[in-house]
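Let me begin by presenting the structure, written as structure tokens, before commenting on it.
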Amino acid sequence: MNDKLGTWERTHRCGDLTTEQIGQEVCVMGWVQRRRDHGGLIFIDLRDREGIVQLALDPDRDPTSHQKAEQIRNEFVVAARGKVSPRPEGTVNPKMKTGEVEIEITELRILNRSETLPFMLDGFTEVAENIRLKYRFLDLRRNKLQQNMLMRHLVAKTVRNYFDDQGFIEIETPVLTKSTPEGARDYLVPSRVNTGNFYALPQSPQLFKQLLMVSGFDRYFQIVKCFRDEDLRADRQPEFTQIDCELSFVNRGQIMDIMEGMIAEVFKQTLGYEVSLPLPRLSYAEALDRFGVDNPDLRFEMELQDITSLVAESEFKVFASVAASGGLVKALNAKGCATYSRKDLDGFTDFAKIYGAKGLAWVKVNEDGWQSPIAKFFTADEIAAMNTALDAEVGDLLLFMADTPAIANEALGRLRGHIGQKLGLARKDDYKFVWVTDFPLLEWDGEQRRHLAVHHPFTAPLEEDFGLLDTEPGKARAQAYDIVLNGSEIGGGSIRIHDQAIQSRMFELLGIGAEEAREKFGFLLDALSFGAPPHGGIAFGLDRLMMILTGSDSIRDVIAFPKTQKASCLLSDAPNAVDDKQLQELGVRLRTKQK
RNA sequence: GGGGGUGUAGCUCAGUUGGUUAGAGCGCUAGCCUGUCACGCUAGAAGUCGCGAGUUCGAGUCUCGUCACUCCCGCCA
């Protein structure tokens, strides 16, 4: 039989008790982290979301409570009253926040019992993901996840306060929206009252926030769930949260200023970390040239060097032929890594191959020159030129990639990140931001034989590249910007097209005919024709930001109830089959038999 | 759609060349213990070796298939 809560009121949270409360009568409630029964004395570590405090139960002080404590097991829910006391000389626990005090219990109530848990919550062992997810309500009791959720709340609160101060208002946009087949796959919801028709869950509130600008709300933000039916990754869930913003009458410099202010405020409030503003800005072209990727990790240098011209005439056919066919030969200098084994180097090659590289050439810089399978193909002058370009010194490891520009950049750029991690140059408590700007507006899709929007079809081109739309649209750059933190894209946005004629022209360039554009985006084109102000915005991935703030390797650790890689919820068993009756009402018939 | 990893007690894992009755730590149960804090000591219970076939005198171990979890490529306007 459990005890009743009765009229007891909690006076403090467990983790909040310090020497300041010494002498006070307190009442705490929480879960039993651990019981240590000495036969006489019993100690209980009582836990709530703020932390753990030690309860001391002395049979001489209160035999009834002591007797109850003998039955207590892990995760029992307990309420306890007693006096906060300093721990006896020599028994202070410096590892605990509350380690200088304990509560001398005078009355104890067992509010509820617990079965033996399927796994320990003590944080000393890594538990398999599927077990954690099945018992997510228990997993969430663990300290790390409690901290993550509390910090997530703090971030949301900070964001709301900041935007409120800046004159933004939060407006909700619909979750049942219209499917637009551009971009990611939609999650579809069948409509009962419009049999045969479907809503789509929003991939982002993009169009609605633009409409809010047309409506004159001027500065909008929303912390909002978005949905994409694509395959999952360590940093991707099918439903995720964006900090979504849109502003009118601003240029992109002003947007970036406001947004980096928000990010700085978040880092200050959560980690006490001062982000120095303004953040560096890098063009897409420069990012690719120096780092190979558009989301460079700037916690370390190790920049890529373009050595195509140095090896174009060399005897090494692999490099020379790539150079002759318009490819790139790029190299990076892994400082002091000449000691790496053949196995390490093979590992790097395998890593590069993931990104389409055919191979990777390496050079160890020794006292007596280059040690490398490819050294013999180069003249002393060529080697000297490469050494200079790469700032090579004895003890360095030079890595070379020759391929099409896209593959050479991507593969060597990813390898740069990989080696930076391996060398411990990418510290989790170091935060390096960069804005990447001037993305290409369009990319050519060879399969569909049409241009696709790199960002989305509502992105405005750079004003100086306007003319290119009619001549070489593939070369036009966008008024777009991504904010990158430690090699991870945490946000992206653009100035939008607010001129209906230009938006129509953009649809044309994307191979979307006038009729199709009207059918899919007619409401946007209409809105643009009724006095749309110049506007632009950005959306931040809250989950990815939380991963970095909490030092989490998985997005699941910053989401209360995440899904597995196959997008199922092991806790509730979603998605699941539904009754025929439900399907009938929706006018939906399945094409395949269910298992 | 493709590639890699993992799956053995409630949890974390070990298990040799295919060979007797599958082990350890933690947890759990019982007993002891008045200053521990991942308390300690003693004893005990606990297994569909993910699932299904196959090879074999014999399979946790080899082969094939399959399922789940996970990391990556593609995909993610």
Side-chain angles (χ1 to χ4, degrees), chain A residues 33-46 52-61 66 70 73-75 87-96 98-99 102 104 115-135 138 180-186 203-204 206-207 226-238 240 350-357 410-411 414 418 439 441-443 445 447 451-459 478 480 489 492 494 506-507 510 512 520-521 539 541 553-554 556 563-566 568 570 595:
Chain A
Q33 178 78 13
R34 204 172 272 279
R35 181 191 61 146
R36 288 178 295 279
D37 185 344
H38 289 254
L41 266 180
I42 295 176
F43 296 105
I44 287 173
D45 289 340
L46 196 68
I52 290 175
V53 71
Q54 175 166 285
L55 314 183
L57 291 114
D58 190 330
D60 302 333
R61 185 170 49 241
H66 183 268
E70 285 180 332
R73 296 295 181 269
N74 283 351
E75 299 306 312
R87 294 197 185 181
E89 186 89 31
T91 64
V92 165
N93 184 349
K95 284 185 284 187
M96 290 174 76
T98 63
E102 64 190 12
E104 292 178 351
E115 298 290 330
T116 302
L117 265 58
F119 55 91
M120 293 286 283
L121 305 183
D122 58 13
F124 289 101
T125 46
E126 285 291 317
V127 179
E129 199 73 28
N130 51 344
I131 294 164
R132 290 178 56 193
L133 290 175
K134 181 174 176 187
Y135 299 99
L138 296 178
T180 54
E182 295 281 308
R185 290 185 191 90
D186 287 322
Q203 299 175 23
S204 98
Q206 181 61 36
L207 293 175
C226 301
F227 306 85
R228 291 178 191 173
D229 186 7
E230 296 294 345
D231 286 354
L232 283 73
R233 285 285 191 284
D235 61 354
R236 274 176 12 201
Q237 283 272 307
F240 59 99
D350 290 342
F351 182 88
K353 282 182 177 169
I354 295 171
Y355 300 95
E410 167 99 2
R414 297 289 170 202
H418 180 68
F439 283 79
L441 186 66
L442 304 167
E443 62 183 337
D445 183 326
E447 238 172 74
H451 281 106
L452 297 176
V454 168
H455 189 50
H456 56 53
F458 320 110
T459 302
E489 182 205 324
S494 63
M506 179 61 67
F507 286 143
L510 294 168
I512 301 171
K520 287 178 180 161
F521 304 110
D553 292 324
S554 165
R556 293 181 299 276
K563 295 190 169 48
T564 70
Q565 200 170 31
K566 282 193 72 188
S568 62
L570 296 181
K595 284 177 198 169

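Below, read A as the first sequence line, B as the second, and so on, with proteins coming before strands; counting in each chain starts at 1. This structure is a prediction, so every number in the text was calculated from the model and none was measured.
The gap from the C1' atom of B:G65 to that of B:C72 amounts to 24 Å, rounded to the nearest Å. For B:U21 and B:U63, the P atoms lie 25 Å apart once the distance is rounded to whole Å. Using C1' as the reference atom, B:A46 and B:G54 are 32 Å apart when rounded to the nearest Å. Comparing B:A30 with B:G47, their C1' atoms sit 22 Å apart, to the nearest whole Å. Rounded to a whole angstrom, the distance from the P atom of B:G2 to that of B:U66 is 10 Å. B:A22 sits 25 Å from B:C64 when the C1' atoms are compared, rounded to a whole Å. Taking atom P in both B:A14 and B:U61, the straight-line distance is 16 Å, to the nearest Å. Only the C1' atoms considered, B:C11 is 15 Å distant from B:A38, to the nearest whole Å.
Under 4.0 Å is where a charged nitrogen must lie from a carboxylate oxygen, and between A:Arg35 and A:Asp45 no such pair does. By the 4.0 Å N-to-carboxylate-O rule, A:Asp231 lies too far from A:Arg236 to be salt-bridged with it. A salt bridge links A:Glu129 with A:Arg556: the closest approach of a Lys/Arg side-chain nitrogen to an acidic carboxylate oxygen falls below 4.0 angstrom.
Figure legend. B:G44 is base-paired to B:C28; pairs are counted as Watson-Crick or G-U wobble with both atom distances under 3.5 Å. Searching all strands for a Watson-Crick or G-U wobble partner of B:G7 with both distances below 3.5 Å returns B:C67. With a cut-off of 3.5 Å on both Watson-Crick or G-U wobble distances, the partner of B:G58 is given as none. Look at B:U16: it lacks any Watson-Crick or wobble partner with both distances under 3.5 angstrom.
Residue contacts shown for A:Tyr355 are limited to sugar-phosphate atoms, with no base heavy atom under 4.0 Å away. Heavy atoms of A:Ser568 sit under 4.0 angstrom from primed sugar atoms or phosphate atoms, though from no base atom. If you check every strand for non-hydrogen atoms under 4.0 Å, A:Thr116 touches sugar and phosphate atoms only. As judged by a 4.0 angstrom heavy-atom cut-off over every strand, A:Thr180 is placed among residues making no nucleic acid contact. Within 4.0 Å (heavy atoms only), A:Pro457 reaches at least one base atom of the nucleic acid. Across all strands, A:Asp229 comes closer than 4.0 Å to no nucleic acid atom at all (heavy-atom distances). Across all strands, A:Glu126 comes closer than 4.0 Å only to sugar-phosphate atoms, never to a base (heavy-atom distances). Using a 4.0 Å heavy-atom distance criterion, A:Leu570 is classed as a sugar-phosphate-only contact. Within 4.0 Å of A:Ile131, counting heavy atoms only, lie sugar-phosphate atoms of the nucleic acid but no base atom. Residue-level contact check: A:Ile354 touches the backbone only, with heavy atoms under 4.0 Å from sugar-phosphate atoms and none from bases. When heavy atoms are screened at a 4.0 angstrom cut-off, A:Gln565 is found touching base atoms of the nucleic acid. Counting non-hydrogen atoms under 4.0 angstrom, A:Glu102 reaches a base of the nucleic acid.
For A:Arg36, no side-chain nitrogen or oxygen approaches OP1 or OP2 of B:U36 to under 4.0 Å. The shortest distance between the side-chain N/O atoms of A:Lys566 and the OP1/OP2 oxygens of B:A68 is below 4.0 Å. Dashed line: the shortest gap from a side-chain N or O of A:Thr564 to OP1 or OP2 of B:C69 is under 4.0 Å.
Which of B:U34, B:G74, B:G27 sits closest to the side chain of A:Asp231 comes down to B:G74. Of the candidate nucleotides B:U70, B:C75, B:G10, B:U70 has the atom lying nearest to any side-chain atom of A:Arg556. In this structure, the nucleotide among B:A38, B:C33, B:U12 sitting nearest to the side chain of A:Thr125 is B:U12. Here B:U34 is the nucleotide among B:C72, B:G10, B:U34 with the atom lying nearest to any side-chain atom of A:Asp60. When distances run from any side-chain atom of A:Arg34 to the nucleotides B:G74, B:G27, B:U12, the shortest one goes to B:G27.
Here A:Phe119 does not count as stacked on B:C11, because the ring centres are not under 5.5 angstrom apart with planes under 30°. Residue ring and nucleobase are not stacked for A:Phe43 and B:G35 under a centre distance beneath 5.5 angstrom and an angle between planes beneath 30°.
Centroid-to-centroid, the aromatic rings of A:Phe240 and A:Phe227 stay 6.0 Å apart or farther.
A:Phe507 is not listed as a side-chain neighbour of A:Lys520, based on a closest heavy-atom distance of 4.5 Å or more. Counting heavy atoms from C-beta outward, A:Met506 and A:Phe458 have side chains that stay 4.5 Å or more apart.
For B:G74, its base never sits under 3.5 Å from the side chain of A:Glu230 at any donor and acceptor pair. One cannot find a donor-acceptor pair under 3.5 Å joining the base of B:C69 and the side-chain atoms of A:Asn130. Evaluation of atom-type donor-acceptor distances gives a pair under 3.5 Å for the side chain of A:Arg236 against the base of B:C76. If you check distances only, the side chain of A:Asn74 never reaches the base of B:G27 with a donor-acceptor pair under 3.5 Å. With hydrogens and angles ignored, no donor-acceptor pair closer than 3.5 Å exists between the side chain of A:Arg73 and the base of B:G27. For A:Arg87 and B:C37, a side-chain-to-base donor-acceptor distance below 3.5 Å is present, hydrogens and geometry of angles not being considered. Evaluation of atom-type donor-acceptor distances gives no pair under 3.5 Å for the side chain of A:Arg35 against the base of B:C39.
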query = Yes or no on side-chain contact (heavy atoms from CB on, under 4.5 Å) for A:Thr459 and A:Phe439, after CA distance, side-chain angles and deciding distance?
reply = CA-CA 11 Å; A:Thr459 302; A:Phe439 283 79; over 6 Å; no

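Rounded to whole angstrom, the span from the CG atom of A:Leu452 across to the P atom of B:C75 amounts to 11 Å. Atom-to-atom, CD of A:Glu443 to C1' of B:C76 comes out at 12 Å; the value is rounded to the nearest Å. In this structure, CG of A:Leu232 is placed 14 Å from C1' of B:G74, rounded to the nearest angstrom. Residue A:Arg233 contributes atom CZ, which lies 7 Å from atom P of B:G74 at whole-angstrom precision.
Across the interface with RNA chain B, nearest-nucleotide mapping of A:Glu410 and A:Gly90 shows A:Gly90 to be the residue nearer the 5′ end. Comparing A:Leu117 and A:Val92 by the nucleotide of RNA chain B whose heavy atom lies nearest to each, the residue mapping closer to the 5' end is A:Leu117.
Summarising the geometry of A:Glu443 relative to A:Ala453, their closest heavy-atom pair is OE2-O, 4.4 Å, with the distance given to 0.1 Å.
Side-chain N/O atoms of A:Gln203 and A:Asp186 include a donor and acceptor closer than 3.5 Å.
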